[in-house]
Protein chains: 2
Amino acid sequence: MGATKTDHFTDKQNAIATLAKAIGHPARVAIIEYLMKVDTCICGDIVNELPLAQPTVSQHLKELKNAGLIKGNIEGNAICYCIDEKAIEKLQNYFGNISTKLTNKKSNCC
Amino acid sequence: MGATKTDHFTDKQNAIATLAKAIGHPARVAIIEYLMKVDTCICGDIVNELPLAQPTVSQHLKELKNAGLIKGNIEGNAICYCIDEKAIEKLQNYFGNISTKLTNKKSNCC
DNA sequence: AATCTTTATCGTAATATTGCAATCTGAAAA
DNA sequence: TTTTCAGATTGCAATATTACGATAAAGATT
């Protein structure tokens, strides 16, 4: 086997898993954080910022894009990447909900 | 190749990636959500709740535990699993910070 | 047009993940 | 003690991910 059985879970569960999985690599965390740091989102130098070869960075960007975490617009011969707020908000809400539900629950047995 | 180059990134980046990676699978999302749903955290029937074989569930639980997302206490011959609030809070804060920084930034060029 | 610059894609090797049957471990019950 | 039960571990096959060199694609520059 080796393939994830996505069809056995709800769409919501798969959606959260997809987003989390995309962030589940330090290079992609670093990309997100670099996109945050830079004021303008015309960022043609992500490759120089990361300790990885250009094809590897390109691949990570593609995965972030597929997961819906970043958007990319063609800007001349460079590409303008930036974070998709909606995706981040989804994650924030998800973990926020869990957090508040946990603190409300007094029966903390562990 | 094939191995993640964790030593090229900061501890913080690796920490977030580890947490996110652990949630990056629908079965593990389902486990977290089941632990939320059940009032008491003496949960010996996670296997029955998931569409996966017992060894597979056990492995997913192990990964969640290794990532620090859940805690497990031996309770007789069953095991009491529950969510580790701190880990969830870390994620909530992380995405919360990104979210607020993004909304403050008016230069939304994409 | 020829060249440069930037990013994507292809191909491939190394490693990791997913899933399960079989088996083991350890505590409780008979 | 023997059996039973819950859960972990082992071993293995299928698949996915990570990483990069080589190369391609496409707009910019000369």
Side-chain angles (χ1 to χ4, degrees), chain A residues 1-9 13-14 17-31 34-35 38 40-67 70-82, chain B residues 1-9 13-14 17-18 20-31 34-35 38 40-67 70-82 110:
Chain A
M1 327 283 149
T4 297
K5 290 191 164 181
T6 51
D7 48 323
H8 290 8
F9 302 97
Q13 288 169 340
N14 281 313
T18 300
L19 285 175
K21 193 178 183 182
I23 303 179
H25 191 290
R28 295 196 285 268
V29 172
I31 289 173
Y34 182 66
L35 286 177
V38 176
T40 167
C41 61
I42 301 163
C43 339
D45 46 354
I46 299 179
V47 175
N48 304 323
E49 285 292 317
L50 293 183
L52 295 168
Q54 182 267 324
T56 309
V57 175
S58 187
Q59 200 175 325
H60 282 306
L61 286 167
K62 192 181 172 185
E63 276 170 65
L64 284 171
K65 206 174 172 184
N66 284 342
I70 63 173
K71 293 179 285 186
N73 291 40
I74 298 167
E75 199 95 5
N77 70 341
I79 288 197
C80 155
Y81 277 115
C82 57
Chain B
M1 329 279 148
T4 297
K5 291 190 163 181
T6 50
D7 49 320
H8 290 7
F9 301 96
Q13 287 169 340
N14 281 313
T18 299
K21 192 177 182 181
I23 304 180
H25 191 290
R28 296 195 286 267
V29 172
I31 289 173
Y34 181 67
L35 287 176
V38 176
T40 168
C41 61
I42 301 163
C43 340
D45 46 354
I46 300 179
V47 175
N48 303 325
E49 285 291 317
L50 294 181
L52 296 168
Q54 182 266 325
T56 309
V57 174
S58 187
Q59 201 177 324
H60 283 306
L61 286 167
K62 192 181 174 185
E63 275 171 63
L64 284 170
K65 205 174 172 184
N66 283 342
I70 62 173
K71 294 179 283 185
N73 291 40
I74 298 167
E75 199 96 6
N77 71 341
I79 288 196
C80 154
Y81 277 115
C82 56
C110 295

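So you know, we letter chains A, B, ... as the sequences are listed, proteins then strands, and number each from 1.
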Checklist entry - For A:T6 and A:K65, take the nucleotide of DNA chain C holding the closest heavy atom to each; which residue's nucleotide lies nearer the 5' end? => result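 Between the two, 5'-proximity favours A:K65.
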Checklist entry - Which nucleotide, C:dA8, C:dT18, C:dC20, lies nearest any side-chain atom of B:A53? => result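 Nearest to the side-chain atoms of B:A53, counting from C-beta on, is C:dC20.
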Next on the checklist: From the set D:dG7, C:dC20, D:dT18, return the single nucleotide nearest to any side-chain atom of B:L52.
Outcome noted: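 That would be C:dC20.
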Check whether any side-chain nitrogen or oxygen of [X] sits under 4.0 Å from OP1 or OP2 of [N], and answer yes or no.
X	N	answer
A:Y81	C:dA8	yes
B:K21	C:dT17	yes
A:K5	C:dC20	yes

In whole angstroms, how far is the [atom2] atom of [N] from the [atom1] atom of [X]?
X	N	atom1	atom2	result
B:I70	D:dG7	CD1	P	12 Å
B:I46	D:dA8	CD1	P	9 Å
B:N48	D:dA6	CG	C1'	11 Å
B:R28	C:dA16	CZ	P	15 Å
A:N73	D:dG27	CG	P	15 Å
A:I79	C:dT5	CD1	P	18 Å
A:L50	C:dT7	CG	C1'	14 Å

Next on the checklist: With the threshold set at under 4.0 Å for non-hydrogen atoms, list the residues of residues 54-64 of chain A touching DNA chain D in residue-number order.
Outcome noted: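 Correct list: A:P55, A:T56, A:Q59, A:H60, A:E63.
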Item to check | Spacing of OH belonging to A:Y34 relative to CG belonging to A:N48, to within rounding of 0.5 Å | outcome: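 It comes to 8.0 Å.
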Checklist entry - For the atom pair NZ (A:K71) and CD1 (A:I79), what is the distance rounded to the nearest 0.5 Å? => result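 Reported value, rounded in 0.5 Å steps: 15.0 Å.
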Over all atoms of both residues, closest heavy-atom pair of [X] and [Y]:
X	Y	answer
B:I46	B:L35	CD1-CD2, 4.3 Å
A:L64	A:A22	CD2-O, 3.9 Å
B:A27	B:L50	O-CD1, 4.3 Å

Item to check | Residue pairs involving residues 46-56 of chain B (criterion salt bridge (Lys or Arg N to Asp or Glu O under 4.0 Å); sequence neighbours excluded) | outcome: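 Non-adjacent pairs meeting salt bridge (Lys or Arg N to Asp or Glu O under 4.0 Å): zero.
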What pairs of donor and acceptor atoms, side-chain ones from residues 51-60 of chain B against any protein atom, are under 3.5 angstrom apart with sequence neighbours left out?
unit_1	atom_1	unit_2	atom_2	d
B:H60	ND1	B:R28	NH1	2.9

